[in-house]
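Worksheet: one structure, shown below.
Since the model is a prediction, treat every value here as computed from it, not as a measurement.
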Amino acid sequence: DITAPVLADDFLFVATGASLHALDAATGAIRWQLGEGPVLGTSRLMVSGGRVYFSTDRRLVAVEVATGRLVWELRTEGLTGNLVADERFLYVLAWKQSLFRTRTTLHALSLATGQPGWSVELSGLGNNITLGEGVVYAGGADALHAVDASNGRRNWTFRGEGRLSPPVLAGNSLFLSSPTIRYLGSNRVDQGYLYAINAASGRP
């Protein structure tokens, strides 16, 4: 697995497996590297405020752009979805498997220290995060949750049919879809949907 490259401060960053590479954008020379070698899973990469935030399925690190110095790290049973940040927090989705279900938790981590500012448990297995004006929209299985970015209070939950796409925010509306699914060997078809919902209330 290899991420799309990210350009910041004359560095070109790319992640492969559990390794993060910082290249000189002008020459392609490797300036520094950080990692534990190849792993199975998904790498995620984001640059903000002079730091690179890099995660695999079980580890999240914050490192200095210029030097590759490790600032903080988080290890957990499972990480999923994308990395999103505002001026205070880095928002991540973590999952934990219990005997009967999978629990997904949305964490707001301090950009400076990695410590949780707040956490809220979501229903279903979420896999995407979108940041609006003071609101974090997280979900992906069959539900989308709107969470106050300042305190972690859940504003509303919208439930759709099938796995929901990441929402697109336009003004006071959120647009998202679920796929059409056809089952091999049968005539069964689960129709996909396009939803337009109110960003303040979560209602269609």
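Taking CD1 of I197 as the reference point, atom OG of S173 lies at 9.0 Å (rounded to 0.5 Å). Taken to the nearest 0.5 Å, the OH atom of Y91 stands 10.0 Å off from the CG atom of L109. The CZ atom of R58 sits 12.5 Å away from atom CG of L74, with the distance rounded to the nearest 0.5 Å. Between the CZ atom in R159 and the OG1 atom in T157 there is a gap of 6.0 Å [rounded to 0.5 Å]. Taking CG from L131 and CG from L169, the interatomic distance works out to 9.5 Å, rounded to the nearest 0.5 Å.
Counting all heavy atoms, side chain and backbone alike, L90 lies closest to A85 at CD1-CB, 4.1 Å. Nearest heavy atoms, A138 versus L93: CB-CD2, 4.3 Å. Residues Y137 and P167 share a closest heavy-atom pair of CB-CG, 4.2 Å. Listed here is the closest heavy atom pair of F158 and G202: CD1-O, 3.5 Å. Scanning both residues, F11 and L7, for their nearest heavy atoms gives O-CD1, 3.2 Å.
Evaluation of the side chain to side chain contact (heavy atoms under 4.5 Å, CB included) rule for V120 yields L106, W118, L122, V147, R154 as partners, not counting sequence neighbours. Take R69 and apply the salt bridge (Lys or Arg N to Asp or Glu O under 4.0 Å) test, not counting sequence neighbours, and it matches E64. Every residue was checked against the salt bridge (Lys or Arg N to Asp or Glu O under 4.0 Å) condition with E161, not counting sequence neighbours, and none meets it. Applying the ring-ring contact (aromatic ring centres under 6.0 Å, His included) criterion to Y193, with sequence neighbours excluded, gives Y195. T76 pairs by the side chain to side chain donor-acceptor pair (under 3.5 Å) definition with nothing, not counting sequence neighbours. P5 pairs by the side chain to side chain contact (heavy atoms under 4.5 Å, CB included) definition with L12, not counting sequence neighbours. For N151, the side chain to side chain contact (heavy atoms under 4.5 Å, CB included) test picks out D148, R153, with sequence neighbours left out. Under the ring-ring contact (aromatic ring centres under 6.0 Å, His included) criterion, F54 pairs with no residue, sequence neighbours left out. Partners of A8 according to the side chain to side chain contact (heavy atoms under 4.5 Å, CB included) rule, which considers only residues two or more places apart in sequence or in another chain, are F13, V47.
At least one side-chain heavy atom of V136 sits less than 4.5 Å from a side-chain heavy atom of I129. Between V52 and V6 the shortest side-chain heavy-atom distance does not fall below 4.5 Å. T56 is not listed as a side-chain neighbour of R75, based on a closest heavy-atom distance of 4.5 Å or more. Side-chain contact check for L83 versus L60: some heavy-atom pair is nearer than 4.5 Å. A heavy-atom distance below 4.5 Å is not found between the side chains of S43 and L20.
Side-chain heavy atoms closer than 4.5 Å link hydrophobic residues (I, L, V, M, F, W, Y) into clusters, and following such links, even through other members, never connects V135 to V84. V71 and L79 fall within a single hydrophobic cluster, where Ile, Leu, Val, Met, Phe, Trp and Tyr are joined by side-chain heavy atoms under 4.5 Å apart, directly or via other members. At a threshold of 4.5 Å between side-chain heavy atoms, the hydrophobic network of Ile, Leu, Val, Met, Phe, Trp and Tyr places I30 and V14 in one connected group.
Within the structure, side chain to side chain donor-acceptor pair (under 3.5 Å) pairs that include any residue of residues 20-35 comprise T16-H21, H21-Q33, D24-R31 (at least two apart or interchain). The stretch residues 5-16 participates, sequence neighbours left out, in no salt bridge (charged side-chain N to carboxylate O under 4.0 Å, His left out) pair at all. Within the structure, salt bridge (charged side-chain N to carboxylate O under 4.0 Å, His left out) contacts touching residues 77-89 (residues at least two apart or in different chains) do not occur.
A distance-only check finds a donor-acceptor pair linking the side chain of R44 to the backbone of G81 [under 3.5 Å]. Here the side chain of W72 pairs a donor or acceptor atom with the backbone of L111 at under 3.5 angstrom.
Under the side chain to side chain contact (heavy atoms under 4.5 Å, CB included) rule, S165 has a single partner from N128, L144, L176, which is L176.
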